[in-house]
Structure formats: structure tokens, C-alpha cells
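Input: a single structure, listed below in C-alpha cells.
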Amino acid sequence: MLKIYNSLTNKKETFTPIKANKIRMYVCGMTVYDYCHLGHARVMIAFDVVYRYLISQGYDVNYVRNITDIDDKIIQRANENGENFQALTERFIDAMHEDERALGVKPPSAEPKATDNIEEIINMITTLIDKGIAYQGDSGDVYYAVAKFADYGKLSGRNLDDLRAGDRVAVNTDKNDPFDFVLWKMAKENEPYWESPWGKGRPGWHIECSAMATKILGNHFDIHGGGHDLQFPHHENEIAQSEACTGEHFANYWMHNGFIRIDEEKMSKSLGNFFTIREVLEKYKAEEIRYFMLTSQYRSPLNYSTEQLDAAGASLDRLYTAMRGLKLGTAPKNSSYETHFINAMNDDFNTPEALSALFDLARDINIARDSKDHKKTSELGALLLELANGIGLLEGDIEAWFKGVNTEGELSNGAVDALVQQRLNAKTDKDWSLADKIRDDLQEQGISLEDSGAETIWRRT
RNA sequence: GGCUGAGUAGCAAAGAGGUUAUGCUGCGGUUUGCAAAACCGCCUAGCCCGGUUCGAUUCCGGGCUCAGCCUCCA
């Protein structure tokens with residue numbers, strides 16, 4: 001029985017879909033004005049794991065993740081570059097998709113863009129104005145009157161009085177209340193715009209998610225996710241907009257992933273302490289990044305460090321080593337390993353615990369292999385692969401994991417194989433000094449040999 | 001100041017009111033021509049102070065420290 005920690009109630013709750021077997025999930029995606037960083041990778045991977053796991057449990061999942069392709073930062077960046085904002089966003093959407101493919105993130109069922117849904121956004125704002133919840137200020141901008149929504153603050157566990165006590169919001173005399181937020185923003189000179197009943201302008205950030213989620217998933221759906229920093233005000237505002245507009249409950253379960261940190265401080269664009277996904281991919285394999293993310297539960301903060309990325313590689317080596325050279329059989333059903341794994345994942349997607357089930361399996365595969373129990377080895381191997389694949393691990397070619405692609409200046413795989421064969425001949429002749437010399441020479445070039453019986457396998461280190 | 005979370009061994013990170021988490025690292029052993037890999041064993045724990053309990057790292061209360069949100073942010 002799946003339990004999900006619901007930010008709305010701050011409790012783990014048993015997950016019950018609105019329609020049996022059909023799950024509708026919306027996740028706030030990226031604002032595309034720059035390359036994605038590791039923090040974005042965490043959202044991608046966290047919800048990729050949720051998506052994959054729900055599918056593996058037999059659910060039909062409609063997973064929507066939006067793309068914010070119009071906002072102040074995009075306009076600003078486009079102006080700095082002296083380019084059209086669409087040229088900018090298209091470029092970074094492509095880059096984002098490239099990063100996702102590299103990380104083995106499954107594409108969502110739909111990736112709506114704000115600029116493709118202006119009509120729905122305008123309709124929603126119109127309804128809010130008609131209901132007396134939104135109003136137009138003297139500047140022409142349209143605002144949402146938070147005081148008109150009784151439940152305002154229910155997601156983030158605060159109320160307007162708490163917020164006012166914070167006293168950190170700049171006074172904007174155009175608004176009736178400093179906490180009112182913008183739904184439609186008037187275009188300034190040379191800014192991109194769309195026609196609307198209130199004049200030429202563009203949508204505010206919050207309204208696009210309400211409009212797109214409702215359009216694709218309906219007024220009331222199962223899961224809404226995103227980074228923890230979006231809980232307030234973004235998600236709070238989405239609830240206010242959607243529920244005021246439709247009169248229905250918006251999303252049942254709210255999931256928020258924790259941050260990637262650098263030196264125990266949040267990684268973010270504004271702090272400038274970030275590493276882009278592509279930057280890290282130059283030094284580490286995509287699977288190492290994914291494994292690193294999965295070593296902590298998705299809600300916990302995760303401190304970035306090269307030591308942990310290196311450790312991730314070593315851990316994956318262990319799993320791949322267990323799988324190496326196996327003939328796969330049929331995975332057993334309802335084994336204790338699988339139960340352990342499923343129970344962990346059912347407990348709010350506890351990937352660290354699920355990984356421990358994978359290592360139990362790896363150890364028992366190694367034991368079975370050592371004792372020449374071929375049937376058991378092949379069955380457990382199939383199970384390990386199946387479970388690991390469920391969270392996006394061990395999907396790569398096993399030999400390729402160890403041998404990689406030889407880069408310039410390195411020995412080719414064929415050259416290594418030839419030397420390994422020479423060494424095998426030397427071993428047959430009991431010429432240990434030659435055999436050891438070949439092995440030592442290879443070791444110096446980053447090739448590590450392992451003898452197993454009459455065979456020798458190798459890996460790049 | 002208000003609202004959330006978190007504090008576990010060398011590093012990372014989980015569960016469970018009493019019974020080995022797990023991975024990486026280190027040490028010892030088995031295995032190996034020697035190695036490597038593998039297997040077995042071991043070393044490092046539970047921020048502080050109270051309380052509940054036969055028993056708490058786990059529950060409760062109070063501190064302390066850290067992070068996040070309250071402003072664009074995954």
C-alpha cells in the first residue's frame with residue numbers, strides 16, 4: 001500500500017487515486033532561460049522515479065510537467081543577448097531535453113508551454129474577475145485578492161497574519177494588499193505581449209500552472225509536485241486560483257522535493273553556487289548522478305560533493321559486478337528482496353532503503369555464483385535488473401559500464417583484449433613474470449584485470 | 001520575528017520501543033601462482049537536558065545547532 005507524504009497535511013497518507021488505476025500528476029517544470037543545474041536534475045529524477053514506480057505498479061499515469069517560456073527573466077536575458085525571446089527559450093528547451101535524455105529521465109506524457117495556453121490563461125483570469133476575486137490596478141496589471149480566498153495559506157501552513165508579521169514584502173501601492181499577486185502584467189515598451197481584455201500584456205507566473213493543469217488534467221487531480229521552494233508562494237497561489245475559479249478541490253497530494261546544496265547551502269541561480277547538469281556530466285556518468293540523488297530520500301536536502309559522486313560510482317561498480325557475465329533467467333515472484341524493495345518504495349518512495357534491497361540481492365548473487373548455483377544466479381540476476389530498472393538504474397550495457405568508450409590516447413578495447421590473451425598464454429606456460437608484467441603495464445594505463453577461472457575480465461578504472 | 005524540516009558512526013544515509021540497515025572507506029581472514037573481484041568477520045553511532053517505560057537513538061517536553069520558505073527560484 002503506497003503512502004505519500006502530503007505537504008498539505010504534513011503527514012504520510014495512504015495514496016488513493018481519484019479514478020482507480022488512473023493517476024494524474026502535475027509537476028512544475030523549468031523556466032527556460034539558462035542551462036539546467038543539478039537542482040533541476042533532482043526534480044527531474046525525483047519525479048521520474050515516482051513516474052516509473054507508479055507505472056511499474058500497474059497504474060496508468062498521465063504525467064504533465066510544464067515549461068515556463070515567458071517571464072521577466074526570459075525577457076531580460078533575451079534583451080541582454082539581443083535576441084528574440086522565443087529563440088532563447090527554444091534553445092534552452094532543446095538543451096533541457098538533451099540533459100534529460102542523458103540522465104535517463106523518461107519524457108512526461110505532456111510538456112505544455114505557457115505561451116501555447118494564453119487563451120486558457122485569459123479565460124481563467126476572466127472567471128476570477130467575474131467572481132470578484134481578481135481586480136485590475138491603476139497600472140493595468142490584474143491582481144488576485146488573496147483576502148477573498150478563505151483557505152489562503154493552507155498548503156504552506158501560514159495565514160495572512162503570519163505573513164504580515166514577516167513584514168518583508170515591498171509596498172506596492174497599485175495592489176489592494178501587499179500579498180496580492182499578479183495574474184496579468186501589462187507589456188512595457190518593446191516587451192513581448194498578447195492581446196487581452198485588459199490590454200497588451202503577458203501572464204503572471206502562477207496562473208499558467210493553474211490553467212495548464214486544469215486544461216490537461218481537469219479541475220481535480222491526484223498529485224501535484226515541485227521543488228520545496230515552490231510551496232510558497234507559487235503552489236499556494238495555484239490553489240487559490242484554481243479552487244476559487246472552479247469551486248473544486250485542486251490536487252489531493254502535494255509532493256515537494258528537497259534541495260541540492262553546496263557546502264550546506266541551497267544551490268540556486270540567484271546565489272550563483274550551481275553546477276549545470278552538462279558540466280557535471282563531463283566528469284561523471286549520468287547514472288552516477290542518478291544514484292547519488294537516490295541515496296537520499298527525495299524530501300531530504302542533499303549536499304553536492306565529488307566524494308559522494310565518486311562513492312556513487314563505486315557503489316554502482318558493485319551492482320554491475322554482480323550482474324557481469326550473468327545469463328539471465330526468470331525473476332522469482334514475491335521474493336523477500338522484492339517485498340523489501342516494494343515496501344521501501346511504498347513508504348513515500350524511500351529509495352535509500354530500496355537500494356539496500358538491491359545490495360542484498362547483489363551479495364546473494366555473488367554467493368550463488370561462487371557456489372556454482374547457476375539457476376539461482378540467473379534468477380536473482382533477473383530480479384536485480386528488474387528492480388533496479390524500476391528506478392532507472394542498471395539500464396546501460398554492463399560491459400560498457402566497465403570498459404566505457406576508450407578516448408584518445410587510451411588503449412582500444414581490442415588492444416586490451418590482445419594483451420589479455422597474451423597474458424593468458426603466459427599463464428598457461430606458468431611464465432608468471434611475463435603475466436605480471438602485462439598486468440602491471442595495463443594497470444598503469446588504467447586497466448584493471450580480474451581472473452575468474454580460466455577467463456580474465458577487465459575494466460577501466 | 002512567523003512558518004517548515006533536520007541533527008545517526010571516517011563519509012553518505014535508512015528503518016525499527018528490545019533482535020546485522022545498506023553503500024563507500026579502513027583493518028583482519030578465506031580464496032587466488034601472486035593480485036583483483038568475491039565471500040566471512042571487525043572497527044568507528046545516534047546534539048544536550050529532563051520525562052514516560054522493565055528497556056529509547058526511536059515516544060513526549062525543553063534547550064542548542066543547522067537548513068529552507070516568508071522576494072525570482074526546482
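Naming convention: chains lettered A, B, ... in sequence-line order (proteins, then strands); numbering from 1 in each chain. Excluded from the calculations below are hydrogen atoms, water molecules and symmetry mates; all remaining heavy atoms, backbone and side chain alike, are included.
- Side-chain polar atoms of A/D431 and A/S433 form a donor-acceptor pair below 3.5 angstrom.
- With both ends at atom P, the span from B/A6 to B/C60 equals 11 Å, rounded to whole Å.
- A straight line from CG of A/L271 to C1' of B/A67 spans 12 Å, rounded to a whole angstrom.
- Ring-centre distance between A/Y5 and A/Y253: not below the 6.0 Å cut-off.
- When the C1' atom of B/A74 is taken as reference, atom CE of A/M96 falls 12 Å away, rounded to whole Å.
- Separation of the P atoms belonging to B/G15 and B/U8 is 14 Å when rounded to the nearest angstrom.
- Of the candidate nucleotides B/A21, B/C24, B/A74, B/A21 has the atom lying nearest to any side-chain atom of A/S356.
- The partner of B/C24 is B/G10, judged by Watson-Crick or G-U wobble contacts that both fall below 3.5 Å.
- Taking the six-membered ring wherever Trp is involved, the centroid distance between the rings of A/Y143 and A/F181 does not fall below 6.0 Å.
- Of the candidate nucleotides B/C72, B/A74, B/A13, B/C72 has the atom nearest to the side chain of A/S270.
- Shown for residues 360-386 of chain A: residues whose heavy atoms fall under 4.0 angstrom of RNA chain B, namely A/R363, A/N366, A/I367, A/D370.
- Put simply, A/K266 has a side-chain N or O that comes within less than 4.0 Å of OP1 or OP2 on B/C69.
- Atom CD of A/Q445 sits about 8.0 Å away from atom CG of A/L419, to the nearest 0.5 Å.
- Within the 4.0 angstrom heavy-atom criterion, base atoms lie near A/E450.
- Nearest to the side chain of A/R318, among B/C70, B/C24, B/G15, sits B/C24.
- Residue pairs meeting the salt bridge (charged side-chain N to carboxylate O under 4.0 Å, His left out) criterion with at least one member in residues 342-352 of chain A, sequence neighbours excluded, are A/K12-A/D347, A/R299-A/D348.
- Under the Watson-Crick or G-U wobble criterion, with both distances below 3.5 Å, B/U52 has no partner in any strand shown.
- Among the atoms of the strands shown, none is found under 4.0 Å from any heavy atom of A/K269.
- Residues in residues 29-50 of chain A take part in these salt bridge (charged side-chain N to carboxylate O under 4.0 Å, His left out) pairs, two or more places apart or across chains: A/D34-A/R77, A/D48-A/R52, A/D48-A/R290.
- When each of A/E265 and A/Y33 is assigned the nucleotide of RNA chain B bearing its nearest heavy atom, the one mapping closer to the 5' terminus is A/E265.
- A salt bridge does not link A/K185 with A/E191: none of the charged nitrogens is closer than 4.0 Å to a carboxylate oxygen.
- One atom, CD1 of A/I438, and another, P of B/A36, lie 19 Å apart when rounded to the nearest Å.
- Taking the centre and axis of the six-membered ring of A/F47, the NZ or CZ atom of A/R65 falls outside the cone set by 45° and 6.0 Å.
- Counting non-hydrogen atoms under 4.0 angstrom, A/H37 reaches a base of the nucleic acid.
- When heavy atoms are screened at a 4.0 angstrom cut-off, A/R423 is found touching base atoms of the nucleic acid.
- The phosphate of B/G68 has neither OP1 nor OP2 within less than 4.0 Å of any side-chain N or O from A/R158.
- Under the Watson-Crick or G-U wobble criterion, with both distances below 3.5 Å, B/C34 has no partner in any strand shown.
- A cation-pi contact links A/K269 to A/Y33, judged by a cut-off of 6.0 Å to the six-membered ring centre and 45° from its axis.
- Between the base of B/A74 and the side chain of A/R42 there is no donor-acceptor pair shorter than 3.5 Å.
- Within 4.0 Å (heavy atoms only), A/S300 reaches sugar-phosphate atoms of the nucleic acid but no base atom.
- Residue A/P233 has its side chain nearest to B/C70 when only B/C70, B/C34, B/A13 are considered.
- On a pure distance criterion of 3.5 Å, a polar donor-acceptor pair joins the side chain of A/D451 and the base of B/C34.
- Taking the P atom of each, B/U65 and B/C24 are spaced 37 Å apart, rounded to whole Å.
- Taking the P atom of each, B/A14 and B/A21 are spaced 16 Å apart, rounded to whole Å.
- The shortest distance between the side-chain N/O atoms of A/Y5 and the OP1/OP2 oxygens of B/G5 is below 4.0 Å.
- Side-chain contact check for A/R460 and A/N413: at least one donor-acceptor pair (N or O, by modelled atom type) lies under 3.5 Å.
- Using P as the reference atom, B/U58 and B/U19 are 14 Å apart when rounded to the nearest Å.
- Residue contacts shown for A/R324 are absent, as no nucleic acid heavy atom lies under 4.0 Å away.
- Summarising the geometry, the separation between CG on A/L319 and P on B/U22 is reported as 14 Å, rounded to the nearest angstrom.
- Position along RNA chain B of the nearest nucleotide to A/K427 versus A/S452 favours A/K427 as the more 5'-ward residue.
- In this structure, of B/A14, B/G33, B/C72, it is B/G33 that holds the atom nearest to the side chain of A/W432.
- Considering only residues two or more places apart in sequence or on other chains, A/R278 meets the salt bridge (charged side-chain N to carboxylate O under 4.0 Å, His left out) condition with A/E98, A/D99.
- Across all strands shown, B/G2 is found opposite B/C69 as a Watson-Crick or G-U wobble partner, with both distances under 3.5 Å.
- The partner of B/A45 cannot be assigned: no Watson-Crick or G-U wobble pair with both contacts below 3.5 Å exists in any strand.
- Taking atom C1' in both B/C49 and B/A67, the straight-line distance is 24 Å, to the nearest Å.
- Under the Watson-Crick or G-U wobble criterion, with both distances below 3.5 Å, B/C39 is paired with B/G29.
- Both geometric conditions, a ring-centre gap below 5.5 Å and a plane tilt below 30°, are not fulfilled together for A/F259 over the base of B/A67.
- For the atom pair NZ (A/K285) and OH (A/Y291), the distance works out to 14.5 Å, reported to the nearest 0.5 Å.
- Look at A/N10 and you'll find a side-chain N or O under 4.0 angstrom from OP1 or OP2 of B/G5.
- Nearest to the side-chain atoms of A/F179 among the listed nucleotides B/U71, B/C24, B/A13 stands B/U71.
- As a whole-Å value, the separation of A/L302 CG from B/G7 P is 14 Å.
- Between A/T339 and A/I342 the shortest side-chain heavy-atom distance does not fall below 4.5 Å.
- The separation of B/C59 from B/G5, taken at their P atoms, amounts to 14 Å, rounded to a whole angstrom.
- With sequence neighbours excluded, no residue forms a side-chain hydrogen bond (donor to acceptor under 3.5 Å, both in side chains) with A/K283.
- For residues 221-228 of chain A, proximity to RNA chain B is found at A/G226, A/G227, A/H228, defined as any non-hydrogen atom under 4.0 angstrom from a strand atom.
- Among the heavy atoms of the strands lying under 4.0 Å from A/T295 are primed sugar atoms or P, OP1, OP2 only; no base atom is included.
- Across all strands shown, A/E353 has heavy atoms under 4.0 Å from base atoms, whether or not it also approaches the sugar-phosphate.
- Closest to the side chain of A/S448, from the set B/C72, B/A36, B/A14, is B/A36.
- No engagement by A/M44 is indicated, since no non-hydrogen atom pair under 4.0 Å with the nucleic acid exists.
- A/G258 comes within contact range of at least one nucleobase, with a heavy-atom separation under 4.0 Å.
- Of the candidate nucleotides B/C69, B/A13, B/G68, B/C69 has the atom lying nearest to any side-chain atom of A/F232.
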